[in-house]
Amino acid sequence: MGVSLLSSPAFLVFFSFFTFCLLVDPVLGITRHYKFDVKLHNVTRLCHTRSIVSVNGQFPGPRIVAREGDQLLIKVVNHVPNNVSIHWHGIRQLRSGWADGPAYVTQCPIQTGQSYVYNFTIVGQRGTLFWHAHISWLRATLYGPIVILPKRGVPYPFAKPYKEVPIVFGEWFNADPEAVISQALQTGGGPNVSDAYTINGLPGPLYNCSAKDTFKLKVKPGKTYLLRLINAALNDELFFSIANHTLTVVDVDAIYVKPFETETLLITPGQTTNVILKTKPSYPNATFFMTARPYVIGQGTFDNSTVAGILEYESPPKSLHLSKMFPLFKPILPALNDTSFATNFASKLRSLASAQYPANVPQKVDKHFFFTVGLGTSPCQHNQTCQGPNGTKFAASVNNVSFTMPTTALLQAHFFGQSNGVYTPDFPSSPTIPFNYTGTPPNNTMVINGTKVVVLPFNTSVELVMQDTNILGAESHPLHLHGFNFFVVGQGFGNFDPNKDPAKFNLVDPIERNTVGVPSGGWAAIRFLADNPGVWFMHCHLEVHTSWGLKMAWIVLNGELPTQKLLPPPADLPKC
């Protein structure tokens with residue numbers, strides 16, 4: 001790899017922002033310096049021009065390239081009116097929780113004219129992750145890939161590809177996304193949906209006025225390409241396929257998997273998937289669409305459109321192929337609500353579980369948790385008419401607690417022992433009022449509000465069952481846990497049965513990841529070891545559900561050894 005990726009135009013454009021400082025011991029990796037200038041710049045899509053928040057004038061933002069073991073120092077300077085924070089999605093942040101990024105959880109946001117250096121080391125991870133804003137809906141335009149290469153001299157557990165290409169899915173709004181969510185929270189109704197999906201920032205020829213804004217992947221016959229797929233869309237899980245080509249899944253969320261072939265894959269917001277594309281052995285005299293469109297189960301409105309890019313074979317030398325019009329093949333994607341495909345695809349994902357890349361699934365469980373995840377309602381303010389169900393406001397919750405964001409960062413309050421008035425350590429370990437979660441919804445759909453957390457002793461092994469509810473309709477929820485990977489030991493439909501379902505758990509080679517789609521009208525069981533001290537956010541990666549309160553936080557206490565304690569905060573940590 002190496003040369004083809006690091007010499008790409010995107011890398012060279014902002015190469016001046018890096019310096020590479022070699023450390024004495026190559027096993028430790030090197031230190032890489034990046035500078036992110038967060039500025040406004042005009043972008044035109046769908047014949048609409050608007051000012052967007054971006055990094056270094058790029059949309060999507062710059063690619064971060066590092067190796068396992070490298071230290072990253074990323075200086076983020078805020079030149080825009082909005083408060084800003086950046087999350088390095090999927091990075092474990094071992095003992096470096098101050099660099100995790102969610103606003104009011106691990107840091108106060110970076111205010112206008114201020115800066116902050118995110119300082120962290122990549123430990124035991126290799127593959128594809130991504131970075132994005134973690135405050136309000138700024139991540140609609142503030143996002144970019146993180147490419148983590150193996151340590152020098154360590155090969156991939158699959159044949160080395162000819163070339164590697166990040167493919168980042170996003171959502172484009174003709175309106176300002178900040179105004180979209182602000183209006184929705186004010187009226188209590190669902191937010192307006194996006195106007196297009198994008199591949200590497202481009203909507204493609206199926207949208208009005210967008211033929212020139214089409215991502216083209218130019219390939220050579222008889223080669224293998226590693227496509228690093230990232231779903232950075234705000235609110236939609238996506239099906240993806242390339243016409244007349246088979247993809248081999250080799251990695252998800254920066255974890256190697258047992259390779260399997262598929263013509264179509266499903267990727268939720270917050271997930272990444274590395275696939276191998278083997279091109280046809282000879283020039284095919286055709287071009288091929290690569291398309292993505294949503295997987296949707298819920299009751300609300302959604303962006304029912306399709307983004308297309310083009311897979312184009314480079315013409316052989318001295319050929320007359322350019323003068324001919326070739327057929328264009330289009331993939332057939334699953335139906336919008338094809339839950340059976342979603343289930344079958346998830347069931348194929350298995351950790352590599354090799355001697356070199358073991359699946360260290362916790363075999364014993366210290367603490368069991370059962371969380372309901374779903375929608376609900378909040379009362380309308382006095383003398384106001386709201387646009388949610390029956391005149392209420394839409395809300396979302398975990399165990400019926402809709403999380404209230406604090407006005408100071410949880411991690412600072414925890415570290416300095418100043419939790420009074422900021423949070424309470426009484427998040428319920430199971431629903432306070434059990435009901436038939438996937439049956440007839442209860443009459444009372446109101447949530448309670450609070451800033452409640454779960455406190456875990458260091459090295460606690462946790463089993464968490466997340467149960468979708470039928471309140472306001474069942475739907476899939478991609479749950480993301482900061483600071484950890486977890487093992488998805490089981491999934492099913494209907495209500496979780498604690499007496500029967502655990503017998504079917506996979507404790508040998510379950511998929512390990514940082515974001516899991518809780519099935520619509522079903523449940524997902526995960527296990528993880530709480531070996532990372534700090535405060536760790538967990539939330540639905542459908543941004544609208546996070547805005548409505550489908551989020552909570554875990555506090556993992558320090559261990560006894562110095563290597564088991566959270567490092568002190570950096571001097572430039574932003575203040576609220």
Side-chain angles (χ1 to χ4, degrees), residues 90 92-95 97 123-125 252-258 346-347 349-373 398-399 425-431 434 452-467 479-492 495-519 522-538 552-566:
R92 283 289 319 269
Q93 298 291 3
L94 290 165
R95 301 176 60 219
V123 180
Q125 294 181 278
V252 300
D253 292 4
I255 295 289
Y256 294 132
V257 302
K258 290 184 172 70
S347 70
L349 292 166
R350 292 276 187 272
S351 289
L352 201 52
S354 64
Q356 189 174 4
Y357 302 104
N360 295 316
V361 191
Q363 298 296 311
K364 68 174 185 66
V365 174
D366 298 323
K367 291 201 173 181
H368 291 83
F369 296 89
F370 182 82
F371 288 177
T372 57
V373 293
V398 182
N399 277 350
D426 57 349
F427 189 89
S429 60
S430 60
K452 299 173 182 287
V453 305
V454 172
V455 179
L456 295 170
F458 183 81
N459 255 359
T460 302
S461 61
V462 173
E463 181 178 288
L464 166 62
V465 176
M466 292 175 283
Q467 172 75 59
L479 264 291
H480 171 52
L481 175 61
H482 290 228
F484 299 94
N485 284 337
F486 50 75
F487 293 94
V488 185
V489 295
Q491 286 183 292
N495 296 340
F496 174 74
D497 186 335
N499 297 314
K500 294 180 181 176
D501 288 326
K504 297 176 243 170
F505 284 178
N506 174 9
L507 303 180
V508 178
D509 64 348
I511 194 62
E512 181 183 352
R513 59 188 327 161
N514 63 60
T515 304
V516 63
V518 176
W523 54 270
I526 66 171
R527 288 187 181 184
F528 65 95
L529 187 65
D531 60 354
N532 193 9
V535 178
W536 305 109
F537 209 24
M538 191 176 85
M552 54 83 65
W554 305 80
I555 293 182
V556 178
L557 302 176
N558 283 334
E560 295 181 3
L561 302 175
T563 55
Q564 299 173 341
K565 297 182 190 301
L566 177 68

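We use all heavy atoms of the structure for the numbers below, so side chains are in, but hydrogens, waters and symmetry mates are not. Residue numbers start at 1 and run along the sequence shown. Just so we're clear, the structure is a prediction, and the values are computed from it rather than from any experiment.
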#### Entry: CA sep, side-chain torsions, deciding dist, call: Phe484, Leu529, side chain to side chain contact (heavy atoms under 4.5 Å, CB included)
CA-CA 8 Å; Phe484 299 94; Leu529 187 65; over 6 Å; no
Is it true that a side-chain atom of [X] and a backbone atom of [Y] form a donor plus acceptor pair closer than 3.5 Å?
X: His482; Y: Met538; answer: no
X: Asn399; Y: Pro428; answer: yes
X: Asp509; Y: Ala353; answer: no
X: Asn532; Y: Gly483; answer: yes
X: Asp253; Y: Ile255; answer: no
X: Thr372; Y: Gln467; answer: no

### Query
Leu352 and Lys258: which non-hydrogen atoms are nearest, and at how many Å?
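Where Leu352 meets Lys258 most closely, the heavy atoms are O-NZ, 3.5 Å.
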### Query
Considering residues at least two apart in sequence or located in another chain, which fulfil the side chain to side chain contact (heavy atoms under 4.5 Å, CB included) criterion with Leu566?
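For Leu566, the residues satisfying side chain to side chain contact (heavy atoms under 4.5 Å, CB included) (neighbours in sequence not counted) are Trp98, Leu411, Phe415, Pro533, Asn558.
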Atom pair [atom1]/[atom2] of [X] and [Y] - distance to nearest 0.5 Å:
X: Ile526; Y: Glu512; atom1: CD1; atom2: CD; result: 11.5 Å
X: Leu456; Y: Leu557; atom1: CG; atom2: CG; result: 7.5 Å
X: Asn485; Y: Gln125; atom1: CG; atom2: CD; result: 6.0 Å
X: Gln564; Y: Leu94; atom1: CD; atom2: CG; result: 12.0 Å
X: Ser347; Y: Ile511; atom1: OG; atom2: CD1; result: 11.5 Å

### Message
What I want to find out is whether Asp531 reaches Arg95 closely enough, with some N-O distance under 4.0 Å, to be called a salt bridge.
### Response
no
List the atom pairs, with distances to 0.1 Å, where a side-chain N or O of residues 356-364 and a protein N or O form a donor-acceptor pair under 3.5 Å, not counting sequence neighbours.
{"from": "Gln363", "atom 1": "NE2", "to": "Val361", "atom 2": "O", "distance (Å)": "3.1"}
{"from": "Gln363", "atom 1": "NE2", "to": "Leu507", "atom 2": "O", "distance (Å)": "3.1"}
{"from": "Lys364", "atom 1": "NZ", "to": "Asp366", "atom 2": "OD1", "distance (Å)": "3.0"}

### Task
Please report the C-alpha distance between Arg513 and Val488 in whole Å, then the side-chain angles of each, then the deciding distance to 0.1 Å, and finally whether the side chain to side chain contact (heavy atoms under 4.5 Å, CB included) criterion is met.
CA-CA 8 Å; Arg513 59 188 327 161; Val488 185; 4.3 Å; yes
### Message
Is there a side chain to side chain contact (heavy atoms under 4.5 Å, CB included) between His480 and Asn514? Walk through the geometry before answering.
### Response
CA-CA 6 Å; His480 171 52; Asn514 63 60; 3.4 Å; yes
### Query
Step by step, would you call Trp523 with Met466 a side chain to side chain contact (heavy atoms under 4.5 Å, CB included)?
CA-CA 5 Å; Trp523 54 270; Met466 292 175 283; over 6 Å; no
### Query
Using 30° and 60° as the class limits, which term best fits the ring planes of Trp554 and Phe528: parallel, tilted or perpendicular?
perpendicular
### Query
So Phe369 and Phe371, would you call those rings parallel, tilted or perpendicular, with 30° and 60° as cut-offs?
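Plane angle over 60°, so perpendicular.
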